[in-house]
Colleague: 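Take this structure first; my questions come after.
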Amino acid sequence: MLTNTRAYQNEADNKLLLLDKNHDTFTRLTIPGKYDTLPKNDLDNSVQDAGYYYQAIAGDLMNDKHTTPSFETAVQMHEFISKIIDSNKKLREGE
């Protein structure tokens, strides 16, 4: 489970929780340091998230790659979310 008390202006980092095999206890997972690629700072985590994204875009541009999401990715995600909402509505209406 991924938790975050607030999407923006959040001083606490996201938490990754793993449910044990008995489905009764969550344990917090530690994110390996190799993923902490920004310079050390005291910025809010939501600001750092933007920094990671810009870092990824810069890497794509410097290495002629396309690993970061594009506008087309966003369109596909919104279409997918719309399908989930429509499906949920149909289920609630008994279709």
Side-chain angles (χ1 to χ4, degrees):
M1 176 171 43
L2 174 64
T3 66
N4 189 322
T5 55
R6 295 168 57 183
Y8 296 98
Q9 299 178 354
N10 185 11
E11 294 181 12
D13 200 2
N14 299 328
K15 293 179 185 175
L16 289 173
L17 304 174
L18 177 67
L19 186 61
D20 72 0
K21 65 182 177 181
N22 297 322
H23 303 125
D24 58 8
T25 304
F26 282 99
T27 304
R28 185 170 181 173
L29 298 177
T30 303
I31 299 171
K34 69 180 183 178
Y35 296 109
D36 190 11
T37 56
L38 294 178
K40 295 294 178 202
N41 62 73
D42 293 325
L43 295 172
D44 183 86
N45 286 303
S46 60
V47 175
Q48 291 185 56
D49 288 345
Y52 283 115
Y53 187 61
Y54 285 123
Q55 186 180 58
I57 291 170
D60 277 357
L61 292 171
M62 291 188 311
N63 298 304
D64 196 28
K65 294 186 177 183
H66 302 284
T67 61
T68 55
S70 65
F71 183 78
E72 179 60 30
T73 306
V75 170
Q76 291 171 354
M77 179 61 75
H78 282 277
E79 289 172 348
F80 178 66
I81 292 169
S82 291
K83 288 178 182 179
I84 292 171
I85 291 169
D86 290 345
S87 177
N88 184 44
K89 184 178 178 183
K90 288 178 182 176
L91 284 171
R92 289 177 180 264
E93 293 171 353
E95 292 182 30

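All values reported here derive from a predicted model rather than from experimental measurement.
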Colleague: Treating S82 as the side-chain partner and H78 as the backbone partner, does any N or O pair qualify as donor plus acceptor under 3.5 Å?
Modeller: yes
Colleague: Are the side chains of Q55 and L38 in touch, meaning some heavy atoms are under 4.5 Å apart?
Modeller: yes
Colleague: Through direct or indirect side-chain contacts below 4.5 angstrom among Ile, Leu, Val, Met, Phe, Trp and Tyr, which residues connect to F80?
Modeller: M77, I81, I84, I85
Colleague: For D36 and Y52: C-alpha separation, side-chain torsions, deciding distance, then whether side-chain hydrogen bond (donor to acceptor under 3.5 Å, both in side chains) applies.
Modeller: CA-CA 9 Å; D36 190 11; Y52 283 115; 2.8 Å; yes
Colleague: How many angstroms lie between OG in S70 and CD in Q76, if you round to the nearest 0.5 Å?
Modeller: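 With rounding to 0.5 Å, OG (S70) is 7.0 Å from CD (Q76).
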Colleague: Please tell me if the side chains of L29 and L17 come closer than 4.5 Å, counting only heavy atoms from C-beta onward.
Modeller: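 The answer is no, as the side chains (C-beta and beyond) never meet within the 4.5 Å cut-off.
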Colleague: Return yes when atom OH of Y53 has more than 12 non-hydrogen atoms of other residues, nucleotides or ligands closer than 6.0 Å, and no otherwise.
Modeller: yes
Colleague: Hey, could you give me each pair passing side-chain hydrogen bond (donor to acceptor under 3.5 Å, both in side chains) that has a residue in residues 16-26? Not counting sequence neighbours.
Modeller: none
Colleague: Tell me whether L61 is reachable from Y54 by hopping between hydrophobic residues (I, L, V, M, F, W, Y) whose side-chain heavy atoms are closer than 4.5 Å.
Modeller: yes
Colleague: Can you list every side-chain hydrogen bond (donor to acceptor under 3.5 Å, both in side chains) pair that touches residues 56-66, not counting sequence neighbours?
Modeller: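 Every side-chain hydrogen bond (donor to acceptor under 3.5 Å, both in side chains) pair that includes a residue of residues 56-66, provided the two are not neighbours, is D60-T67, D60-T68.
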